[in-house]
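Structure first, commentary second.
To find a chain, count down the sequence lines: A is the first, B the second, and so on, and within it residues start at 1.
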Number of protein chains: 2
Amino acid sequence: MRRPQSAPPFPAPGHDHGPCVKETLARAAEAFEANGLRLTPLRRRVLEEVAASHHAIGAYEILERLARKETTRMAPISVYRALEALLDAGVVHRLESRNAYFACHARHDHSGARRIVLACERCATVAEVAAPVAFDAIDGAASDAGFRSTRALVEVAGLCTACAAAA
Amino acid sequence: MRRPQSAPPFPAPGHDHGPCVKETLARAAEAFEANGLRLTPLRRRVLEEVAASHHAIGAYEILERLARKETTRMAPISVYRALEALLDAGVVHRLESRNAYFACHARHDHSGARRIVLACERCATVAEVAAPVAFDAIDGAASDAGFRSTRALVEVAGLCTACAAAA
DNA sequence: ACCGATAGGAAACAATGTAACACTATCCGC
DNA sequence: GCGGATAGTGTTACATTGTTTCCTATCGGT
């Protein structure tokens, strides 16, 4: 059975992105609230930049974009601190293989984070999908090797639906 | 069936490391030869540093260790170029989640590279194991999402046999 | 001898990420 | 309301990781 997706992981090319951002911000507010933390203006601005697309974006790119909008240029550390808070809150993830950050566009459980990341090599769009079988197999292989795994990172490069069709 | 390993992926704590290095160097010479390239002194020295342990090591750490041995300090670019050649030859891999490099201590097929990387959080030892089921599951999940995958990166953090026993 | 491919030295730079310290804001218990 | 604890931010400087550019050398084939 081809497990159906409630929402397609890759957004349609010309989709209305407004709701994506809005929902992400709402989830962020919720997540911070739930941990007794605050979605401050700084964190909100950083999150807005990250969530502005379905691409992974570098920390300095965020810095650059905010600087263009805001007349004052903040220090890198400010962006990194905001990113850390957003990562902890689970509303932003890090694409390790590219040292970049992307917004989590779905309301899922991130304790455990057993989701794989798909990154399109052509359009740079990033999506996450659940893959329990894959993680079970990874844990099994690790365990067979006498390894007690605590966290598995899976990042897949390839072509998203639209780019595969275009190619 | 618990697929048996010809050699245990994690070396015994006090194992004789000499043969590991020797075999890795031999495989490197072979791999370069096969591609019409050369295992030059520089590349050999860099490889020796990487292969000196079963840990992942940073490029600048390699630079540092060579500088200590050699009176002359080379430029970072030299190490990076050597590493690139070694990566291409498949005798060194990169631990993406830590921006570090480790020697491949087994003679396996690198076209495709469907192996997962296990990195001990306590002793920093790195090992690779085959996990065809995991990669099949990853490809399946990607494909279900309409993603055509070309390369999957799997890095697992946890505790190796020895460290799990010690903990 | 000459050519193209391979290899590497030197200097500067680019990109990514942190440490240390000072300060303000907010919340909570009394 | 006061005082301490925690959370959040600014500023400066620094650390780590990786690259661009230009030039020189070496090797193998013709």
Cluster membership besides B:L153, Ile/Leu/Val/Met/Phe/Trp/Tyr side chains within less than 4.5 angstrom, sorted by chain and number, is none
Salt bridge (charged side-chain N to carboxylate O under 4.0 Å, His left out), that's the test. Do B:D139 and B:R148 meet it? Break it down for me. CA-CA 8 Å; B:D139 286 347; B:R148 185 185 300 168; over 6 Å; no
What parts of residues 28-53 of chain B reach DNA chain C, counting only heavy atoms under 4.0 Å away? B:L37, B:R38, B:T40, B:L42, B:R43
Return the set of residues passing ring-ring contact (aromatic ring centres under 6.0 Å, His included) with A:F102 (not counting sequence neighbours), or none when no residue passes. A:H93
Span of DNA chain C engaged by chain A, first through last nucleotide within the 4.0 Å heavy-atom cut-off, is C:dT16 to C:dT26
Using five pairs at either end of the helix from C:dA1-D:dT30 to C:dC30-D:dG1, determine the angle between the two local helix axes and round it to 10 degrees. 30°
Are B:E96 and A:S97 close enough that a side-chain donor and a side-chain acceptor fall under 3.5 Å? no
Sequence-distant partners of A:E121, salt bridge (Lys or Arg N to Asp or Glu O under 4.0 Å), two or more places apart: B:R151
With B:E64 via salt bridge (Lys or Arg N to Asp or Glu O under 4.0 Å) - residues at least two apart: B:R73
Using a strict 4.0 Å threshold on nitrogen-to-oxygen distance, state whether A:E70 and A:R45 make a salt bridge. yes
Have B:H17 and B:H105 got a donor and an acceptor in their side chains that come within less than 3.5 Å? no
Looking at every strand, decide which applies to A:R94 at a 4.0 Å heavy-atom threshold: base, sugar-phosphate, or nothing. sugar-phosphate
Of all the heavy-atom pairs spanning A:F135 and A:R115, show the shortest one and how long it is. CE1-N, 3.3 Å
Checking B:E61 now: which residues fulfil salt bridge (Lys or Arg N to Asp or Glu O under 4.0 Å) with it, not counting sequence neighbours? B:R65
Picking from B:V126, B:L95, B:L83, what satisfies side chain to side chain contact (heavy atoms under 4.5 Å, CB included) with B:Y101? B:L83
Looking at DNA chain D, which of residues 61-80 of chain A put a heavy atom within less than 4.0 Å of it? A:A75, A:I77, A:S78
Apart from A:I77 itself, which Ile, Leu, Val, Met, Phe, Trp or Tyr residues share its cluster (side-chain heavy atoms under 4.5 Å, direct or through members)? none
Can A:R98 and A:E155 be counted as an ion pair, charged N to O under 4.0 angstrom? no
How would you give the extent of chain A contacts on DNA chain D, as first and last nucleotide 5' to 3' within a 4.0 Å heavy-atom cut-off? D:dA7 to D:dT12
Test: B:E33 and B:R38 ion pair at under 4.0 Å: no
Just to verify, what does B:F147 make a ring-ring contact (aromatic ring centres under 6.0 Å, His included) with, not counting sequence neighbours? A:F10
